[in-house]
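Quick caveat, the model's predicted, so the values are computed rather than measured. Along the sequence shown, the residues carry numbers beginning at 1.
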Amino acid sequence: MKRLLSAFLLMACCVINAQQITSPDQNLELKFGLSSKGEPTYELTYKKKAVIKTSKLGLELKNGTSFLDGFQIDKTEKNTFDETWSPVLGEQKNIRNHYNELLVTLSQKTANGRFIKIRFRLFNDGLGFRYEFPEQKNLNHFVIKEEKTQFALAGDHKAFWLPGDYDTQEYSTVTSNLSEVRGKMKAAVTPNASQTTFSPTGLQTPLMMKSKDGLYINIHEAALVDYSCMSLNLDDSNMILESWLTPDAIGDKGYLQAPTQSPWRTIVVSDKAADILASKLILNLNEPTKYKDVSWIKPVKYVGVWWEMITGKSSWAYTDLESVQLGVTDYSKTKPNGKHAANTAHVKEYIDFASKHGFDAVLVEGWNEGWEDWFGKSKDYVFDFVTPYPDFDVKELHRYAASKGVKMMMHHETSGSVTNYERHMDKAYQFMVDNGYNSVKSGYVGDIIPRGEFHYSQTMIDHYLYAIKKAAEYKIMVNAHEAVRPTGLSRTYPNLIGNESARGTEYESFGGNNPDHTTILPFTRLMGGPMDYTPGIFQTKISAYNPENNSFVHTTLAKQLALYVTMYSPLQMAADLPETYNKFLDAFQFIKDVAVDWDDTYILEAEPGDYITIARKAKGKNEWFVGGISDENPRTAEVTFDYLPKGKTFTAIIYADGKEASYDKNPQSYSIRTVKVNSKTKLKQPIAPGGGFAISIK
């Protein structure tokens with residue numbers, strides 16, 4: 001009895017001045033309080049189940065008293081908010097933003113009354129919270145040594161994780177219990193063009209987990225602006241995750257000036273996996289669009305001179321020189337290597353193909369001088385973004401594409417030289433406007449210049465947003481590769497129409513992605529925004545293009561079609577070569593038909609790492625598209641159609657795996673059949689190992 005009484009008294013004194021709020025549907029409950037040391041703490045439950053146990057909040061500063069303890073609660077405010085808003089481009093025409101809010105003002109007597117605020121927003125699908133630093137006498141400029149936000153988990157959850165890294169997300173996802181992270185970390189860290197891991201238990205966000213009692217939990221951040229990117233460090237003895245910010249070149253993790261705030265820390269939770277995919281919490285925590293005119297922001301379906309270089313069939317570079325200098329090397333006097341893909345005649349073939357099949361744009365990589373020694377040399381002045389190779393006629397291609405009703409998509413590879421890109425950015429964007437380009441694929445391959453900076457430090461976070469804002473001045477849409485993982489900023493800056501920021505289709509030519517890869521990405525990478533995954537590979541044996549490359553695509557052809565539905569993006573590429581599509585025009589029809597902007601989305605079934613089936617309604621049309629994918633195991637999908645208007649019959653074209661199909665032995669086996677469906681129809685659709693299916697409904 002004495003022990004029980006002592007334990008009760010200990011718990012009572014650990015958290016004082018407790019405050020609480022519930023989600024609008026009452027399923028989630030947040031409790032906030034202070035420990036006996038004045039440390040801010042919070043805990044979160046879902047339907048009475050622990051999601052986050054009592055966890056500390058705060059920041060350690062480089063100089064002066066840190067925001068860790070010694071606090072008292074000065075004021076609490078509660079608020080309810082409910083609105084419906086419409087994204088410029090999105091998975092839904094309308095999004096509800098409904099939450100209950102708790103705002104706590106905390107002061108520190110030990111720091112001359114300095115105060116901060118912590119704002120909590122509790123939605124039906126999860127929690128967002130952030131630190132706010134009002135302008136005040138004793139708080140102006142300060143430097144973050146480390147953020148100390150904790151996420152104390154209720155158990156040793158199954159996790160879908162990537163190694164924590166300051167420079168890349170391009171790893172294969174590992175599926176294991178959290179207790180196994182340390183033992184699996186070494187094998188998980190595979191080579192990359194730029195990488196900096198920081199801990200044997202460091203993890204990236206979004207981190208997807210599943211508890212033993214059936215809760216799906218996703219931890220990430222929203223509205224990452226003027227702050228460094230957050231990773232997580234796992235205390236695997238106590239199952240506590242703690243925020244770990246990306247440092248700059250001298251080790252500091254953030255330079256702030258009040259008034260300001262941190263990004264939102266997000267926890268999406270449900271007992272249904274489908275609810276995680278349906279969540280719009282991260283978008284809702286971002287501000288409305290900053291642009292008055294958004295008429296120039298459009299969804300894009302494109303083809304491009306890209307896959308043939310990725311496979312090694314062609315080259316980005318015009319010559320085989322090992323060293324070039326812009327403005328010094330006279331390319332008119334050099335010997336072409338004969339493999340340069342970005343030449344006028346060849347690009348016209350892509351333009352013809354795009355025009356014939358109704359695509360919006362053609363991407364061309366390797367069009368500009370400098371590709372001979374662009375990577376791994378730490379060159380500052382590596383590209384100027386306006387000077388084409390001798391065999392690439394910018395004006396003629398602009399004229400030709402315009403005559404065919406096709407836009408050209410620009411490519412800006414920076415080779416990590418951010419200082420060089422910013423020097424040339426205005427000139428490069430004006431060059432795009434002058435030559436009919438309205439979208440750009442930017443890249444940040446390799447180590448960052450200024451040297452010593454990381455891809456996810458505060459400096460680079462500022463740069464990525466600067467590029468998006470600057471592009472908007474020229475009415476240009478941005479698709480950034482190797483940039484920081486998205487945090488919902490596409491709501492505020494909708495010209496950010498795509499990102500890579502994960503292991504994309506290109507890795508199918510670099511040894512292959514695991515068959516379960518795309519059954520995980522919607523639960524992880526896509527939580528913060530759309531991905532330019534570049535699907536549509538029909539020739540799955542890379543050796544067909546390059547005999548020296550024995551890689552193969554770890555999906556069936558039918559699964560490549562399904563990805564246009566399951567991997568949301570308003571920017572979708574048909575990534576394979578035109579000559580290959582011409583051999584499979586019946587299957588290619590689905591890529592031509594599928595929408596890229598949507599009125600509604602329905603998650604029919606989902607389990608991270610295993611399978612996903614999604615239906616979507618095309619924006620402004622009575623057309624629906626369904627995509628279903630599986631991991632390496634065969635299964636039968638349960639497809640319903642109750643989202644169709646009642647009392648009407650529709651024609652559905654089903655693109656499915658063939659009876660003997662499999663990703664490794666018979667990937668190009670597929671069937672196409674037409675059936676009639678209505679809102680009451682239920683379909684059992686077999687999926688091959690590593691396979692999928694796609695349905696077009698009109």
Side-chain angles (χ1 to χ4, degrees), residues 11 15 18-33 40-57 78-82 95-102 104 118-130 149-161 177-178 203 205-222 232 234 238-243 264-285 488 520 522-524 527-528 603 605-609:
M11 291 173 62
V15 179
Q19 304 287 324
Q20 66 184 58
I21 54 171
T22 58
S23 58
D25 65 3
Q26 306 293 308
N27 286 332
L28 280 159
E29 182 179 48
L30 167 81
K31 292 182 180 179
F32 172 84
T41 68
Y42 77 104
E43 59 183 88
L44 181 67
T45 58
Y46 176 80
K47 295 182 179 178
K48 307 302 182 183
K49 292 182 180 180
V51 179
I52 302 295
K53 299 190 297 183
T54 302
S55 301
K56 296 179 183 179
L57 300 169
K78 293 182 180 180
N79 184 40
T80 296
F81 185 81
D82 193 358
I95 294 175
R96 190 180 186 187
N97 184 16
H98 186 200
Y99 59 81
N100 291 329
E101 181 177 86
L102 171 66
V104 183
I118 305 178
R119 188 181 300 270
F120 299 90
R121 289 182 179 171
L122 199 54
F123 302 78
N124 290 342
D125 49 347
L127 170 68
F129 61 91
R130 72 180 182 188
T149 302
Q150 290 185 344
F151 305 86
L153 305 174
D156 180 14
H157 301 334
K158 178 181 180 180
F160 303 84
W161 58 273
N177 286 345
L178 288 168
L203 305 171
T205 73
L207 176 63
M208 185 68 208
M209 297 173 287
K210 183 180 181 180
S211 71
K212 290 179 175 59
D213 57 356
L215 290 185
Y216 297 87
I217 304 165
N218 185 284
I219 297 177
H220 190 33
E221 59 183 326
L232 301 168
L234 171 66
N238 298 296
M239 291 301 149
I240 296 175
L241 296 162
E242 188 167 279
S243 57
W264 296 92
R265 279 55 189 106
T266 64
I267 307 167
V268 178
V269 59
S270 179
D271 50 14
K272 298 181 180 65
D275 292 347
I276 305 297
L277 298 184
S279 173
K280 296 295 176 282
L281 180 148
I282 290 170
L283 281 176
N284 278 329
L285 288 169
I520 297 172
F523 289 95
T524 53
M527 291 296 293
I603 315 299
E605 54 179 3
E607 182 65 29

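Annotation for Met527 and Val268: closest pair CE-CG2, 4.1 Å, computed over non-hydrogen atoms. The minimum heavy-atom distance between Ala159 and Leu207, with the atom names listed, is CB-CD1, 4.4 Å. Contact detail for Asn100 and Pro24: the closest heavy-atom pair is ND2-N, 3.6 Å. The heavy-atom pair separating Leu277 from Lys280 by the smallest distance is O-NZ, 4.1 Å. A pairwise comparison of heavy atoms in Glu607 and Tyr216 identifies OE1-OH, 2.6 Å as the closest pair. Here the shortest heavy-atom pairing between Phe123 and Ser23 reads O-CB, 3.3 Å.
Inter-residue side-chain proximity for Leu57 and Phe129 is flagged as met; some heavy-atom pair is nearer than 4.5 Å. Residues Asp271 and Lys49 fail the side-chain proximity criterion, which asks for heavy atoms closer than 4.5 Å. When side chains are defined from C-beta on, Trp264 counts as touching Arg119, because their heavy atoms get closer than 4.5 Å. Looking only at side-chain heavy atoms (C-beta outward), Leu122 and Leu44 come within less than 4.5 Å of each other. Under the 4.5 Å side-chain criterion, counting only non-hydrogen atoms from C-beta, Met209 is in contact with Leu153. Considering only heavy atoms from C-beta on, Arg265 comes within 4.5 Å of Phe151 through its side chain.
Between the side chain of Thr205 and the main chain of Ile219, no donor-acceptor pair closer than 3.5 Å is present. Using a distance-only test at 3.5 Å, with no hydrogens or angles considered, a donor-acceptor pair links the side chain of Asn124 to the main chain of Asp25. The closest donor-acceptor contact from the side chain of Asn27 to the backbone of Lys47 lies at 3.5 Å or more, if one exists at all. Distance alone, capped at 3.5 Å, is enough to place a donor-acceptor pair between the Asn284 side chain and the Arg96 backbone. Side-chain N or O atoms of Lys78 include one that pairs as donor or acceptor with a backbone N or O of Gln20 at under 3.5 Å. A distance-only check finds a donor-acceptor pair linking the side chain of Thr41 to the backbone of Gly33 [under 3.5 Å]. The closest donor-acceptor contact from the side chain of Thr149 to the backbone of Ser243 lies at 3.5 Å or more, if one exists at all. Judged by distance alone, with hydrogens and angles left aside, the side-chain atoms of Ser55 form a donor-acceptor pair with the main-chain N or O of Ala152 at under 3.5 Å.
Interatomic distance, Lys210 NZ to His157 NE2, rounded to the nearest 0.5 Å: 12.0 Å. To the nearest 0.5 Å, the span separating CG on Leu285 from OH on Tyr99 amounts to 8.5 Å. Rounding to the nearest 0.5 angstrom, the gap separating the CD1 atom in Ile21 from the CD atom in Glu101 is 8.0 Å. The CD1 atom of Ile52 sits 15.0 Å away from atom NZ of Lys31, with the distance rounded to the nearest 0.5 Å. With values rounded to the nearest 0.5 angstrom, Asp275 atom CG is found 12.5 Å from Leu281 atom CG.
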TODO: Please report the C-alpha distance between Leu178 and Met239 in whole Å, then the side-chain angles of each, then the deciding distance to 0.1 Å, and finally whether the side-chain contact (heavy atoms from CB on, under 4.5 Å) criterion is met.
DONE: CA-CA 8 Å; Leu178 288 168; Met239 291 301 149; 3.9 Å; yes
Task: Criterion ring-ring contact (aromatic ring centres under 6.0 Å, His included) on Tyr42 and Phe32, from CA distance to verdict - done: CA-CA 4 Å; Tyr42 77 104; Phe32 172 84; 8.5 Å; no
Open item on the list: Working note: Phe523 + Phe160, criterion ring-ring contact (aromatic ring centres under 6.0 Å, His included); need CA distance, chi angles, decisive distance, verdict.
Closed with: CA-CA 9 Å; Phe523 289 95; Phe160 303 84; 7.5 Å; no
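No option in Ile267, Thr45, Leu127 other than Ile267 meets the side-chain contact (heavy atoms from CB on, under 4.5 Å) test with Val51.
Side-chain contact check for Thr54 and Glu43: at least one donor-acceptor pair (N or O, by modelled atom type) lies under 3.5 Å.
Counting non-hydrogen atoms of neighbouring residues, nucleotides and ligands closer than 6.0 angstrom, the NZ atom of Lys56 reaches no more than 12 such neighbours.
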